[in-house]
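Below you'll find the structure, written out as structure tokens, and then a few comments.
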Protein chains: 2
Amino acid sequence: MARERRRPIVGQSSSSSSRIKSPAPFLSKTYDLLEEEEERGRREAIERGSWGQRVVSWTADGTGFVVWSPAEFSELMLPRYFKHNNFSSFIRQLNTYGFKKTASKRWEFQHEKFQKGCRHLLSEIHRKKCEPSAFPQYLKASEESNNSPSSTVEENNTTRLLLMQENKNLKKERMELQMQIAHFKTLELKLMECLSFYWDDHHNKVRRLC
Amino acid sequence: MARERRRPIVGQSSSSSSRIKSPAPFLSKTYDLLEEEEERGRREAIERGSWGQRVVSWTADGTGFVVWSPAEFSELMLPRYFKHNNFSSFIRQLNTYGFKKTASKRWEFQHEKFQKGCRHLLSEIHRKKCEPSAFPQYLKASEESNNSPSSTVEENNTTRLLLMQENKNLKKERMELQMQIAHFKTLELKLMECLSFYWDDHHNKVRRLC
DNA sequence: GGGAATATTCCC
DNA sequence: GGGAATATTCCC
């Protein structure tokens, strides 16, 4: 049974500044799983001299992946990374995170930010629904009609409460964005320092050559 | 790995009339688990003539149950019924369904509708939050205070309009912050490119000097 | 594909 | 204890 914590110990506190959010466990695990299978393929190629069948692999250009054998994938690989062995649950997660099925006759999936060799992009992938600032889904329909002249006192109260919640969410979001910006500012500073070192170095060289 | 469906095949359709709702899987499983342990106790009593230690059991009067050994319970029993082996997750579920801890020095829990010999009562136990017709939990508290006798319809309307304005401002601010972030991302990319140029340059020089 | 209920985890 | 995010299941 998989028992690792969802996220690493460091980089946790939501109040710490200038952190990089770790990617959703689902994404890291799916990426791990592909790397593991890649590695297995490599090992077997050396041992046996043959490439062998793979259960799942990156596409040739590394912009997507294919589950070649859903049955083996579900029975053998899923339970080692997730708390289930259902292919459909895996697919449900892919959809939640915005992956697209990109071939009609194979289980091939793609996401702009999910690419071979680009683990650092994973943290830019987010769940599709429940945007922090959005109203609860089931109330959205009623919202439009609520502000009409005919709306009752209770309807107005409902709107007011929802606005308060949306407001709170927006403030939380603002805080997160501000922290991201703080992070970028630090990064920029470091890059500029680094750059100035090489800049001096480069121009000293140019001077010597004259 | 537990693989049974959450609910039996029959009694499913939410549109069929005169059906008996099956209880939440968590409740059935917890009940099963207690019956299983009861049965094991009975068998061992016959085989060995002694009652033996139990990991979990109904209380003497059957109105609650006690986890005598959380460690064994978590390692040995939980994974056979649930997709985890964490005692705290089990407790979280008990709280979700409204169970109360009824002893200070033991892990003893009770729920009015969870009693020995009364499996049919399980379907009357419901999750505490997210009643379909209710407001989100987090809004309930503020609702009461806001609907106090002293607040007039006009006051509520004023509040609502102010909230809408603040809301609009927050969204504008969000947009601006997001644009700042986009700017930083571009900048970072350019700095990295630039840096990589000087990096190569620097290392070529170092090589020539050797 | 995705909405929604339930389960599991993480955090206060 | 419980809010909230993520995971898993079930159903349309």
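So that the names make sense, note that chain A is the first sequence line, chain B the second, and so on, each numbered from 1.
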| task | Choose from dT8(D), dA7(D), dA7(C) the nucleotide whose nearest atom is closest to any side-chain atom of Phe26(A). | result | dA7(D)
| request: Compare the minimum distances between each of dT8(C), dA7(D), dA5(D) and the side chain of Lys172(A), then state the nucleotide with the smallest one. | output: dA5(D)
| said: So which atom in Gln115(A) and which in Glu112(A) form the shortest heavy-atom distance, rounded to 0.1 Å? | reply: NE2-O, 3.0 Å
Set of residues satisfying side chain to side chain donor-acceptor pair (under 3.5 Å) with respect to [X], sequence neighbours excluded:
{"X": "Glu124(A)", "answer": "Lys113(A)"}
{"X": "Glu39(B)", "answer": "Arg42(B)"}
{"X": "Ser69(A)", "answer": "Glu72(A)"}
{"X": "Ser196(B)", "answer": "none"}

Just how far, in rounded Å, is [atom2] of [N] from [atom1] of [X]?
{"X": "Arg127(B)", "N": "dA4(D)", "atom1": "CZ", "atom2": "C1'", "value": "13 Å"}
{"X": "His84(B)", "N": "dT9(D)", "atom1": "NE2", "atom2": "P", "value": "13 Å"}
{"X": "Leu27(A)", "N": "dA5(D)", "atom1": "CG", "atom2": "P", "value": "17 Å"}
{"X": "Phe87(A)", "N": "dT8(D)", "atom1": "CZ", "atom2": "C1'", "value": "16 Å"}
{"X": "Lys21(B)", "N": "dC11(D)", "atom1": "NZ", "atom2": "C1'", "value": "15 Å"}

| message | Using a 4.0 Å cut-off on heavy atoms, which residues in residues 88-100 of chain B reach DNA chain D? List them by number, or say none. | response | Arg92(B), Asn95(B)
I want to check one thing: is the phosphate of [N], taken as OP1 and OP2, less than 4.0 Å away from some side-chain N or O of [X]?
{"X": "Lys128(A)", "N": "dG2(C)", "result": "yes"}
{"X": "Lys29(B)", "N": "dA7(C)", "result": "no"}
{"X": "Asn86(B)", "N": "dT8(C)", "result": "no"}

| remark: With both pairing distances under 3.5 angstrom for Watson-Crick or G-U wobble, and | for a partner in another strand, the correct string for DNA chain C is ||||||||||||
| field | Residues in ring pair (Phe, Tyr, Trp, His ring centres under 6.0 Å) contact with Phe26(A), at least two apart in sequence or another chain | value | Phe82(A), Phe90(A), Tyr97(A)
| note | Across all chains, not counting sequence neighbours, the ring pair (Phe, Tyr, Trp, His ring centres under 6.0 Å) partners of Trp58(B) are Tyr31(B), Phe114(B)
| Qualifying residues under salt bridge (Lys or Arg N to Asp or Glu O under 4.0 Å), relative to Glu35(A), sequence neighbours excluded | Arg119(A)
| query | When you measure from the side chain of Lys101(B) to the backbone N and O of Ala103(B), does any donor-acceptor pair fall under 3.5 Å? | reply | yes
